[in-house]
2 protein chains.
Amino acid sequence: MKPATIRDVALRADVSVASVSRVLTGAGPVTEATRRRVLEAVDALQYVPHSGARSLSTSKTNTIGVILPDLYGEYFSELIRGMDVAARAQGYHLIVSSSHDDADEASAAIRSMRGRVDGLIVLSPHLGAANLASGLAGRTPILVMNGGADEERASIVVDNHGGAVAAVEHLVAVGRRRIVHISGPTGNLDAEARMAGYVEAMAAAGLPTTVIEGAFTKASGHDAGLRLAGLAVQPDAVFAGNDNMAVGAMLAFQEAGLRVPEDVALVGFDDIPLASLVRPGLTTLKINIAETGRKALERVVRMAGSEVDTACEVVRPELVVRASSNLERPYGGAADLNRTDVQTPSLEGEKL
Amino acid sequence: MKPATIRDVALRADVSVASVSRVLTGAGPVTEATRRRVLEAVDALQYVPHSGARSLSTSKTNTIGVILPDLYGEYFSELIRGMDVAARAQGYHLIVSSSHDDADEASAAIRSMRGRVDGLIVLSPHLGAANLASGLAGRTPILVMNGGADEERASIVVDNHGGAVAAVEHLVAVGRRRIVHISGPTGNLDAEARMAGYVEAMAAAGLPTTVIEGAFTKASGHDAGLRLAGLAVQPDAVFAGNDNMAVGAMLAFQEAGLRVPEDVALVGFDDIPLASLVRPGLTTLKINIAETGRKALERVVRMAGSEVDTACEVVRPELVVRASSNLERPYGGAADLNRTDVQTPSLEGEKL
DNA sequence: TGAATCCATGTAACCGATTACATGACACAC
DNA sequence: GTGTGTCATGTAATCGGTTACATGGATTCA
């Protein structure tokens with residue numbers, strides 16, 4: 001018992017398939033009588049149009065593909081949420097493909113999207129992924145969101161370097177000197193840009209650098225935190241490559257009996273929702289993640305409408321100071337730091 | 001400049017489209033010479049098969065659709081993560097469609113999936129959504145995960161009632177008497193089953209009930225918490241309909257100067273990752289969310305392989321006691337509650 | 001040598017929609 | 001009454017693959 005096709009409907013309504021199509025798509029002229037007969041048949045047969053077939057003949061899928069490295073963590077779920085909201089508003093669907101650990105896997109995923117999507121958003125924070133993507137998807141428009149700002153390709157990139165510099169400058173301003181960086185994984189462009197910003201800002205401040213490599217996960221931040229707590233000379237501040245690791249490190253410090261921020265100040269990156277919910281609240285570099293996702297989707301939809309777009313938009317993260325780097329009596333200077341969120345975590349925007 | 005089709009490849013390799021197809025799909029016999037010529041042409045033309053067209057002729061999309069009420073919150077992102085991992089393992093894609101607030105919207109979304117997916121997972125916690133879905137999608141297999149356990153349809157449901165009873169019994173066991181429930185939104189089947197469990201268990205314990213309606217969001221839990229803190233006779237325990245609201249309430253209590261768990265004990269539902277990260281750690285009813293998502297996906301894939309499946313699997317949540325309901329010196333009795341997670345939040349499983 | 005067998009290949013129908021173009025009915029003006 | 005224009009409708013090509021079946025060349029066996 002196969003589902004009804006447009007031909008079944010045409011037969012039953014005693015009209016041609018063209019008329020059925022005209023009624024259903026609203027394109028082209030039909031008499032009221034025809035329309036009624038068609039709709040009756042549709043109802044009787046419980047006909048539902050086959051989107052795949054429709055896509056093939058119109059070469060329009062109303063679907064955007066999203067290529068992610070991994071679905072884990074609030075960063076990506078926030079991003080997807082922003083995209084999803086925008087997609088619904090535009091009448092688009094979202095097809096996600098995640099857990100691509102290397103560039104080859106990502107490019108295979110991109111290829112498998114051919115004929116399935118009208119456009120792609122690629123988040124592959126690996127060198128070369130964007131290049132591999134080029135040409136592979138025919139003329140499918142691609143918007144990249146990896147760290148490698150690539151001219152002449154539509155992209156949205158975060159100013160990782162500037163954000164990292166701001167983080168270090170903030171820690172220096174509140175009197176910290178032994179500032180350690182927990183970095184993201186090697187080969188990840190975002191991670192490397194953040195580390196570079198840290199190194200540069202420390203040099204500018206005349207301070208020595210120490211880097212522990214993490215993996216952007218809470219667990220890796222926790223491990224790093226335990227190692228730091230065990231040192232003879234403990235750091236008085238930690239700048240983590242993202243909020244996930246910062247939270248992991250915070251828990252490790254608390255387990256080890258170190259006080260945050262009294263003994264060690266902590267700064268993250270991203271401003272995931274969790275950052276304002278842990279105690280103490282986490283100072284971080286805020287990216288409006290969902291909003292960025294929304295923008296990305298809207299741009300790629302416009303590109304799917306054959307609008308040319310080769311802009312490289314830079315998202316500048318904003319320093320949000322919470323309790324994790326903010327003493328009642330700082331080591332010196334800067335007593336009037338922005339203390340919003342310390343008492344009232346941001347609960348607004350819950351439903352976007 | 002249109003992307004190459006299988007006919008272009010056939011022309012260039014000087015073979016028929018059938019041979020090209022045979023080489024590319026691996027089905028059917030081809031000589032080594034033919035295979036080489038085809039692959040050369042594929043390479044030269046940068047040919048990538050058009051999945052949409054392939055789906056149309058094979059009636060196989062290798063895609064599963066997921067219909068969600070809303071993408072917000074860790075519950076759904078965890079669920080999607082579990083599904084995504086399983087989908088990748090099975091060679092499937094995931095197409096998500098969320099923010100369906102009522103049953104009509106959800107059924108429209110289901111219809112729009114026709115011809116796009118091999119199966120559907122529907123999470124629409126509204127009465128009747130499952131029924132509306134029936135027949136609408138032709139013979140597309142559907143697995144429902146809403147609260148309304150519907151016989152003769154494949155489904156996965158959480159034992160909300162049993163979980164709620166366990167929550168109340170736990171609070172009673174640690175000596176609490178004035179136990180308030182913050183419920184989920186009216187019309188949400190999960191919310192209503194949890195409330196029913198609360199009411200029943202309270203009655204069984206001979207205690208009076210108080211219910212404040214929330215909306216499953218942190219903000220609504222926060223509002224409810226503030227109202228409770230302002231009462232003349234404050235509750236000594238709160239059972240929230242989900243972890244999101246429990247966390248919101250926890251923050252409200254802390255702002256109001258109430259101590260958790262000393263003044264008021266707190267229990268949530270779901271065990272989202274956040275539950276183990278707030279301080280105090282949140283006692284909750286654990287559903288292995290990602291794991292449930294994985295199972296759902298695997299079942300629907302089997303159903304897409306025309307395996308008959310009308311089972312209704314019940315997920316029984318497990319009480320996880322953390323510090324939010326666990327005093328050093330409980331009001332009386334039960335001193336040796338399980339204290340795992342209090343010091344060491346679960347960081348394992350970070351990468352699944 | 002001729003018949004039977006095998007197997008790589010090609011031809012063309014098909015999946016289920018959309019749509020360019022042809023058709024034919026009808027109205028209107030001359 | 002004929003020519004012309006309008007407009008609803010139908011026919012058939014098309015999108016880009018897969019695949020049942022036909023074909024024909026080489027191999028095998030008598």
Could I get the full list of side-chain hydrogen bond (donor to acceptor under 3.5 Å, both in side chains) partners for [X], not counting sequence neighbours?
{"X": "A:Arg54", "value": "none"}
{"X": "B:Ser55", "value": "none"}
{"X": "B:Thr58", "value": "none"}

Legend entry - Touch class at under 4.0 angstrom, heavy-atom based, for A:Ser51 against every strand present: nothing
Inset, instruction - Report which part of the nucleic acid A:Ser55 touches: base, sugar-phosphate, or nothing (heavy-atom distance under 4.0 Å, all strands). - result: nothing
Legend entry - side chain to side chain contact (heavy atoms under 4.5 Å, CB included) against B:Leu11, all qualifying residues, sequence neighbours excluded: none
Starting at atom [atom1] of [X], determine the distance to atom [atom2] of [N], rounded to an integer number of angstrom.
{"X": "A:Ile6", "N": "D:dA13", "atom1": "CD1", "atom2": "P", "result": "18 Å"}
{"X": "B:Leu45", "N": "D:dG16", "atom1": "CG", "atom2": "P", "result": "14 Å"}
{"X": "A:Tyr47", "N": "C:dG16", "atom1": "OH", "atom2": "P", "result": "10 Å"}
{"X": "A:Lys60", "N": "D:dT14", "atom1": "NZ", "atom2": "C1'", "result": "19 Å"}
{"X": "A:Arg116", "N": "D:dG16", "atom1": "CZ", "atom2": "C1'", "result": "14 Å"}

Which donor-acceptor pairs under 3.5 Å do side chains of residues 17-30 of chain B form with protein atoms, sequence neighbours excluded?
from, atom 1, to, atom 2, distance (Å)
B:Thr25, OG1, B:Ser21, O, 2.8
B:Thr25, OG1, B:Ala27, N, 3.4

Legend entry - B:Arg37/B:Glu40 ion pair, N-O < 4.0 Å: no
May I have the list of side-chain donor-acceptor pairs in residues 90-97 of chain B shorter than 3.5 Å, sequence neighbours left out?
from, atom 1, to, atom 2, distance (Å)
B:Tyr92, OH, B:Lys60, NZ, 2.6
B:His93, NE2, A:Ser112, OG, 3.2
B:Ser97, OG, B:His100, NE2, 2.9

Legend entry - Contact letters for nucleotides 6-15 of chain C, in which S counts primed atoms plus P, OP1 and OP2 and B counts the base, heavy atoms under 4.0 Å: --SBBBB--B
Legend entry - salt bridge (charged side-chain N to carboxylate O under 4.0 Å, His left out): pairs with one or both residues in residues 298-308 of chain B, sequence neighbours excluded: B:Arg294-B:Glu298, B:Arg299-B:Asp309, B:Arg299-B:Glu313, B:Arg302-B:Glu307
Inset, instruction - Using five base pairs at each end, measure the axis-to-axis angle across the helix from C:dT1-D:dA30 to C:dC30-D:dG1 and round it to 10 degrees. - result: 60°
